[in-house]
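Values below: every heavy atom of this structure, side chains too, minus hydrogens, waters and symmetry copies. All ligand and atom numbering here is 1-based and tracks the order in the structure.
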Amino acid sequence: MRIGHGYDAHRFCEGKQLVIGGVEIESPLGLLAHSDGDVLLHALTDAVFGAAGRRDIGYHFPDTDERYKNADSRVLLRDAMELVRGDGFEIEYCDMTIIAQKPKLAPYIEAMRREIASVMGVDVSRVNVKATTEEKMGFTGRGEGISAHAVCLLRE
Ligand code: MG
């Protein structure tokens, strides 16, 4: 077994669709990024790379590369999975926490789980997604952006 951790944060911006966990969320603001800004999939992709000893998302998908401009982060996660499967690893379990003061994410959590499991090619029982606020403290609490943590257990 190998464990990996991932963390990511993005700032809110206007004029962009908010996408978290591969699911479109109703929100007046999106997340500023070179890609679609899917903070949850970025944290998860980093956890997968971390567990496999394959550095990080910025190393594999640099934001200076025009191929990843407005990239669908599901494609990045799928590519990461292909790489670690090539190394002989399979997903045992993934758990994630989204930290956001707004919008309310509870109605979207199950859709995120299903979408993430589908992208990773694993059963939904191996994927868990949670959301919390930081009680109006810090940058997420002030509504400046959203952050996410992920842990991933790989088996050889
Ligand atoms: Mg990111």
Side-chain angles (χ1 to χ4, degrees), residues 2-85 89 91 93-106 108-109 111-122 127-134 137-154:
R2 304 266 212 108
I3 195 160
H5 168 259
Y7 171 78
D8 195 26
H10 285 278
R11 175 186 297 278
F12 278 123
C13 70
E14 290 183 355
K16 202 167 174 183
Q17 172 68 48
L18 180 62
V19 182
I20 305 179
V23 174
E24 291 192 356
I25 311 283
E26 206 176 300
S27 165
L29 302 171
L31 292 174
L32 187 65
H34 185 67
S35 68
D36 63 6
D38 194 324
V39 64
L40 183 59
L41 294 195
H42 295 177
L44 178 57
T45 303
D46 256 351
V48 169
F49 280 138
R54 282 285 203 162
R55 297 186 62 162
D56 60 52
I57 191 169
Y59 174 78
H60 292 280
F61 313 115
D63 63 8
T64 50
D65 191 327
E66 280 304 301
R67 276 182 300 169
Y68 304 121
K69 192 164 163 51
N70 296 318
D72 182 335
S73 296
R74 289 174 298 187
V75 174
L76 308 186
L77 178 58
R78 196 171 288 138
D79 286 359
M81 285 303 305
E82 201 176 300
L83 191 81
V84 303
R85 281 204 175 101
F89 294 110
I91 299 289
Y93 199 80
C94 299
D95 186 30
M96 289 152 264
T97 304
I98 309 158
I99 303 165
Q101 192 65 42
K102 58 177 188 183
K104 279 277 164 254
L105 296 172
Y108 300 98
I109 295 292
M112 290 179 196
R113 273 185 84 194
R114 284 195 301 272
E115 184 61 23
I116 290 166
S118 153
V119 169
M120 297 182 101
V122 301
V127 176
N128 191 62
V129 178
K130 310 182 292 303
T132 186
T133 73
E134 286 186 305
M137 297 181 289
F139 72 86
T140 68
R142 290 188 297 269
E144 294 170 14
I146 295 180
S147 64
H149 291 267
V151 287
C152 170
L153 193 64
L154 293 181

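- Annotation: salt bridge (charged side-chain N to carboxylate O under 4.0 Å, His left out) contacts of D95 (sequence neighbours excluded): K130.
- Between the SG atom in C13 and the CG atom in L18 there is a gap of 9.5 Å [rounded to 0.5 Å].
- Qualifying salt bridge (charged side-chain N to carboxylate O under 4.0 Å, His left out) partners for R11, counting only residues two or more places apart in sequence or in other chains: none.
- Shown are the protein N/O/S atoms under 2.8 Å from the Mg ion (ligand 1), given by residue and atom: D8 OD2, H10 NE2, H42 ND1.
- Among residues two or more places apart in sequence or in another chain, the salt bridge (charged side-chain N to carboxylate O under 4.0 Å, His left out) test is passed with R74 by D72, E115.
- Ring centroid separation for the pair H34 and Y68 does not come in under the 6.0 Å cut-off.
- Figure legend: R55 and Y59 shown as a cation-pi pair, the cationic atom lying under 6.0 angstrom from the six-membered ring centre and within 45 degrees of its axis.
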